[in-house]
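To keep things clear, I will list the structure first and then write my remarks on it.
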There are 2 protein chains.
Amino acid sequence: MARDRVTINDVARAANVSAMSVSRVLNGRPGVGKQTRKRIEEAVEELGFRPSALAVGFRQGRLLGSVGMIIPRADPPLFSSLAAEIDERIASAGLTTVMASSGRNAERERSLARGFLAMGFEGLLLFSEDDDHAYLQPELDRGKSIVFLGSPPRNVRAPSVLVDNRAGAVDALGLLARRGHRRIAVVGSEATYQASERVAGAREAMGDLAPAEVQVVTTEITTEGGYRAGRSLLDAPGAPTGILCTNYLLTVGTLRAIRDSGRHVEVVSFDDFDTADLLTPPVSAISQDPHAIAEQASQLLLQGLDAGDRDAQVTTVTIHPRLLARGA
Amino acid sequence: MARDRVTINDVARAANVSAMSVSRVLNGRPGVGKQTRKRIEEAVEELGFRPSALAVGFRQGRLLGSVGMIIPRADPPLFSSLAAEIDERIASAGLTTVMASSGRNAERERSLARGFLAMGFEGLLLFSEDDDHAYLQPELDRGKSIVFLGSPPRNVRAPSVLVDNRAGAVDALGLLARRGHRRIAVVGSEATYQASERVAGAREAMGDLAPAEVQVVTTEITTEGGYRAGRSLLDAPGAPTGILCTNYLLTVGTLRAIRDSGRHVEVVSFDDFDTADLLTPPVSAISQDPHAIAEQASQLLLQGLDAGDRDAQVTTVTIHPRLLARGA
DNA sequence: CTGTTAGCGCTTTCAG
DNA sequence: CTGAAAGCGCTAACAG
């Protein structure tokens with residue numbers, strides 16, 4: 001029973017009124033008698049009627065109350081905590097954040113971004129790993145509010161909240177050098193914008209660190225990749241005594257490699273994580289403050305939503321990550 | 001320019017054809033001449049036309065290709081890894097997973113669940129913390145595929161993938177007892193179904209553990225709550241030597257309390273986490289295998305989507321969590 | 001307080 | 001190969 005969608009007309013018929021009265025009741029609008037209202041409410045309940053958000057959205061030309069957020073993956077702690085923080089702020093502005101993950105696939109990222117906007121979401125938070133965003137020009141022209149997170153918009157003008165990845169990497173190497181390490185390694189990756197910025201930062205800093213030697217190993221962004229990179233560093237002669245890992249997963253893998261090697265190696269992790277202070281020895285970290293990023297991002301997004309048509313100047317916020325020196 | 005939504009009619013006009021031909025081209029359907037097709041494609045490009053997913057969905061009565069997933073929060077590692085695993089599987093079935101988090105608020109959870117279904121998603125994965133799901137009856141009657149994760153459907157029949165939380169807690173206490181601990185504590189919470197099941201399991205097991213003494217402390221599910229609970233246990237006389245933490249956040253907080261107290265305490269964590277094996281001493285864990293859960297959940301969901309109208313029997317899959325004994 | 005009309009953007013159906 | 005008509009469910013705008 002009730003296999004077919006129950007429409008507003010079914011309710012109207014059951015309550016012996018017009019669809020308009022039902023609509024008014026549904027939306028809590030005045031202009032319906034107490035009796036009638038009651039009959040309608042009963043009919044709604046009876047039939048299990050749910051207004052089709054699709055029809056409403058279609059009618060209004062947009063889906064009110066929702067913004068989209070696209071992240072590369074749901075599981076890295078940074079993305080998930082950022083997502084949670086942003087979600088909270090958007091929620092307290094009375095909106096719903098709808099998320100999807102691109103699975104680190106640019107094609108999927110694009111179709112999600114377009115899809116969300118086509119579904120009538122008026123705002124989009126885009127944690128992009130794509131290197132061209134020109135395809136979003138039409139939706140920007142149409143006044144959609146798009147905020148880039150973590151990596152800058154390419155070939156398109158839009159507000160963004162960025163992190164100074166290079167500076168973070170420089171700080172991290174500085175700490176290792178200050179702590180007396182002379183053989184330093186960087187376990188990194190070129191797979192994403194963030195990762196390669198960090199590696200680039202490390203490369204830039206190398207010159208200033210003499211007499212310390214810095215070697216860079218790149219690998220895929222997985223714990224396994226980190227483990228292999230760590231093993232290869234530690235098994236070779238002249239193994240490093242200090243390592244910067246440019247990503248959480250690489251940190252975990254490298255830490256396992258260090259444990260298995262039995263050596264004492266100091267690690268700095270780009271991206272802090274819950275248990276960094278609990279490890280022995282504690283792991284120092286470059287922390288991208290999720291609060292700060294979430295705060296800026298949600299503010300920019302909400303501003304963009306309000307802005308309506310006037311195209312405000314495009315804001316870029318760059319956050320300098322903090323070095324959390326632990327141990328020693 | 002292009003402030004207003006570009007519609008299929010604008011494209012049709014620009015290309016000097018009817019809307020139907022544009023529609024055919026858009027959907028890759030045959031029956032359009034090469035020349036015409038080309039003109040239309042150019043006009044689409046020119047105008048930056050994007051078909052309104054809202055209009056299409058409305059027309060078809062549903063939003064094809066998407067399923068919804070609701071999680072309590074995006075940041076706990078278990079939810080985020082589960083979300084990522086499920087997303088992957090749904091994606092390889094050619095569908096998109098759209099996520100939202102309830103912020104641990106039952107009201108929000110309901111409106112999201114209804115909202116997703118009202119938006120025309122045909123499937124919903126619900127990681128619920130609500131204790132009544134009768135409100136979903138109408139959508140189930142209408143043939144929506146809803147799969148419950150982690151906690152059972154209440155007052156409604158729907159497939160679910162559950163974890164035997166009690167058994168996990170029993171296993172964990174068993175490990176501590178086997179390892180010779182005679183003063184054991186449980187840091188838990190009654191705030192959610194999962195948490196209270198675990199505490200209940202621990203209470204059940206207490207009798208069988210004599211001569212060990214087991215005390216239970218409940219607190220809020222945050223690292224701070226775990227820290228406070230840990231401190232209160234460790235500062236009191238007869239402090240426990242083994243602690244079961246029934247939730248990741250509680251584990252982190254308790255571990256900090258242990259570190260600060262300078263004591264040696266063995267911890268078992270309900271829910272494994274990346275760095276559990278890297279801590280000193282290593283932290284044993286009760287692991288809810290995200291792969292297994294994701295596998296079952298996505299399968300049930302996809303089955304439900306295919307099922308159409310025939311209401312198959314309602315499947316409940318219960319997964320027995322694994323004890324990962326570490327150290328010692 | 002209540003109802004009628006019209007149309008949002010798209011696609012199905014049926015004619016040419 | 002192409003187009004005209006009709007309608008999906010809902011709500012503004014306008015009667016009554």
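Every chain is numbered from 1 and lettered A, B, ... according to where its sequence line falls, protein lines coming before strand lines.
End-to-end axis angle of the helix from dC1(C)-dG16(D) to dG16(C)-dC1(D), from C1' rotation axes over five pairs per end: 40° (rounded to 10 degrees).
Checking dT11(D), dC10(D), dT2(C) against the side-chain heavy atoms of Ala19(A) singles out dT11(D) as nearest. Candidate nucleotides dG9(D), dC10(C), dT2(C) were compared by shortest atom distance to the side chain of Val32(A), and dT2(C) ranks first. With dT11(D), dT2(C), dT13(C) as the candidates, the nucleotide lying closest to the side chain of Met20(A) is dT11(D). Closest approach to the Arg29(B) side chain among dT11(D), dT11(C), dT12(C) is made by dT12(C) (side chain taken as heavy atoms from C-beta onward).
Under the 4.0 Å criterion applied to side-chain N and carboxylate O atoms, Lys144(B) and Glu122(B) are not assigned as salt-bridge partners. A salt bridge links Arg108(B) with Asp87(A): the distance from a Lys NZ or Arg NE/NH1/NH2 to an Asp or Glu carboxylate oxygen falls below 4.0 Å. Taking a cutoff of 4.0 Å between a charged side-chain nitrogen and a carboxylate oxygen, Glu109(B) and Arg114(B) do not qualify as a salt bridge. The pair Glu129(A)-Arg104(A) meets the salt-bridge criterion, since a charged nitrogen lies less than 4.0 angstrom from a carboxylate oxygen.
Taking atom CG of Leu47(A) as the reference point, atom P of dG9(D) lies 14 Å away to the nearest angstrom.
At dC1(D), none of the side-chain N or O atoms of Thr36(B) fall inside 4.0 Å of OP1 or OP2 (strictly under the cut-off). The side chain of Ser21(B) contributes no N or O atom lying less than 4.0 Å from OP1 or OP2 of dC1(D).
Projected onto DNA chain D by closest heavy-atom contact, Ser23(A) and Arg24(B) fall at different nucleotides, the more 5' of which corresponds to Arg24(B). Taking for each of Ala55(B) and Ser18(B) the nucleotide of DNA chain D with the nearest heavy atom, the 5'-most of the two is the partner of Ser18(B).
No donor-acceptor contact under 3.5 Å links the side chain of Arg50(B) to the base of dG9(C). A donor and an acceptor atom never sit less than 3.5 Å apart when one is taken from the side chain of Arg59(B) and the other from the base of dG9(D).
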